[in-house]
Amino acid sequence: MSTPANDPGRRLIRSLSERSRGEGWEAPEGDLAKYRSRWRSALRFVLQRGVFRLVVRSAITPSTVVHRRVKTVRGPFVLVANHSSHTDAPMLAQGLPWAQARFLSTGVAADYFFRVWYRRFFVRALFNAFPIDRDGSRKNSGFSRRLLRSGVPILVFPEGGRQQTGRMADFKPGGAALAISVGVPVIPAAMVGAHEAMPKGRSWPLPGRPPVGVVFGEPMLAEEGESAVAFMGRIRERVQTLYDENYETILGRPLPGDEESA
């Protein structure tokens with residue numbers, strides 16, 4: 001059944017900057033309430049943008065580019081980024097404007113981070129983390145959708161793991177499917193230089209504070225009748241474009257392959 005043009009639900013989805021859009025979601029209850037806790041977000045602000053930012057800047061030279069429309073997004077969204085190293089999550093959390101980032105929740109492996117109390121405390125305090133099952137148990141199945149419906153934005157790395165070679169892998173459609181099913185926008189983001197600074201296998205960035213940038217692109221919405229696979233294909237293209245267009249500015253050298261075509 002089609003949605004009438006004057007239906008308020010349609011207006012919430014299509015108008016990203018509507019103030020009421022940020023309030024038009026289910027009130028979180030039970031375990032979900034902590035993800036929209038104001039005192040927890042205040043603690044994250046101090047940890048992310050104070051203490052942990054100093055740690056990050058001691059190891060790398062960070063930079064951030066934010067599309068102007070990112071700052072107008074109200075309510076939940078899916079942040080989709082390529083995944084290069086352990087610097088990605090803190091860079092994304094620190095680089096996103098605070099109005100959009102204060103409740104941002106990052107999925108982490110339940111079997112590693114949520115079974116030991118001090119690891120669980122760390123990722124919840126720093127990243128507002130939620131558990132993702134890697135053992136096939138499906139114990140936390142549907143949790144990310146419940147977060148979005150409760151007004152909590154989530155961070156998704158659709159490659160399914162860190163890049164091995166620095167080249168972007170295929171994006172799995174799960175994040176796009178979530179955005180479509182709940183009716184929220186996607187903010188595409190490109191991590192540039194993270195693989196070069198901290199390739200997989202290293203526990204700390206290379207010496208010399210190498211440059212690492214995060215680029216947040218214009219928010220995207222699924223088109224009428226668009227499948228999750230097609231939507232994620234468009235998102236991947238946007239992330240790749242953000243990466244390519246900002247590579248030389250951030251790293252100070254041409255994108256590999258451009259030298260040959262020059």
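Starting from 1, each residue takes its place in the sequence as its number. All values reported here derive from a predicted model rather than from experimental measurement.
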Exercise. Check the pair V182 / W25 against side-chain contact (heavy atoms from CB on, under 4.5 Å), numbers first and verdict last.
Key: CA-CA 10 Å; V182 185; W25 305 92; 4.0 Å; yes

Quiz item: Can you tell me how far CD1 of I250 sits from CD of E245, rounded to the nearest 0.5 angstrom?
Solution: 11.5 Å

Practice problem: Return yes if some donor-acceptor pair links the side-chain N/O of R236 with the main-chain N/O of N82 below 3.5 Å, else return no. | Solution: no

Self-check item: D88 (side chain) donor-acceptor with S85 (main chain) under 3.5 angstrom
Solution: yes

Quiz item: Are F122 and Y112 connected in the hydrophobic side-chain network, where two residues link if heavy atoms are under 4.5 Å apart?
Solution: yes

Quiz item: Nearest 0.5 Å, what's the CD-CZ distance between E237 and F171?
Solution: 11.0 Å

Quiz item: Mind checking whether Y247 and Y243 have ring centres under 6.0 Å apart?
Solution: yes

Quiz item: Rounded to the nearest 0.5 Å, how far apart are NZ of K71 and CD of Q100?
Solution: 9.0 Å

Quiz prompt | Nearest heavy atoms of G95 and V66, plus distance in Å | solution = O-CG2, 3.9 Å

Quiz item: What pair of heavy atoms forms the shortest contact from R44 to A125, and how long is it?
Solution: CG-O, 2.7 Å

Practice problem: Would you name the heavy atoms of L92 and A81 that are closest together and state the gap between them? | Solution: CD1-CB, 3.9 Å

Quiz item: Can you find a pair of side-chain heavy atoms, one from F113 and one from R124, that are under 4.5 Å apart?
Solution: no

Self-check item: L104 reachable from L43 in the ILVMFWY side-chain graph, under 4.5 Å edges
Solution: yes

Quiz item: Taking all non-hydrogen atoms of both residues, which atom of V212 and which atom of M191 are closest, and how far apart?
Solution: CG1-CE, 3.9 Å

Quiz item: Would you find a donor on one side and an acceptor on the other, under 3.5 Å apart, between the side chain of T249 and the backbone of N246?
Solution: no

Quiz prompt | Steps toward side-chain contact (heavy atoms from CB on, under 4.5 Å) verdict (V184, V78) | solution = CA-CA 7 Å; V184 298; V78 179; 4.1 Å; yes

Practice problem: Decide, yes or no, whether a salt bridge links E26 with R149 under the criterion of side-chain N to carboxylate O below 4.0 Å. | Solution: no

Quiz prompt | Validation row: E248, L255 side chains within 4.5 angstrom (heavy atoms) | solution = no

Quiz item: F45 pairs by ring-ring contact (aromatic ring centres under 6.0 Å, His included) with which of F52, W98, W39?
Solution: W98

Quiz item: Less than 4.5 Å apart, any side-chain heavy atom of L242 and any of V65?
Solution: no

Self-check item: Distance, nearest 0.5 Å, that separates OG1 of T106 from CD1 of I132
Solution: 9.0 Å

Practice problem: Mind checking the CZ-OG spacing from R145 to S181? Nearest 0.5 Å is all I need. | Solution: 4.0 Å

Practice problem: Could you tell me whether the side chain of R38 reaches within less than 4.5 Å of the side chain of R102, counting heavy atoms only? | Solution: yes

Quiz item: What is the ring orientation for F143 with Y35, classed by angle as parallel under 30°, tilted 30 to 60°, or perpendicular over 60°?
Solution: perpendicular

Quiz item: So how far is it from S84 OG to E196 CD, rounded to the nearest 0.5 Å?
Solution: 7.5 Å

Practice problem: Evaluate the side-chain proximity of V108 to F127: yes if any heavy-atom separation is below 4.5 Å, no if none is. | Solution: no

Quiz item: Where do R167 and E159 come nearest, in terms of heavy atoms and distance?
Solution: O-OE2, 4.3 Å

Practice problem: Report yes if the side chains of P28 and V152 come closer than 4.5 Å at any heavy-atom pair, otherwise no. | Solution: no

Exercise. Tell me, with the steps shown, if F216 and H67 meet side-chain contact (heavy atoms from CB on, under 4.5 Å).
Key: CA-CA 6 Å; F216 297 96; H67 191 280; 5.7 Å; no

Self-check item: Heavy-atom closest contact (D133 atom, A110 atom, distance)
Solution: OD1-CB, 4.2 Å

Quiz item: Heavy atoms, side chains only, cut-off 4.5 Å: are F103 and S41 in contact?
Solution: yes

Quiz item: So do the side chains of R40 and N128 get within less than 4.5 Å of each other, counting heavy atoms only?
Solution: no

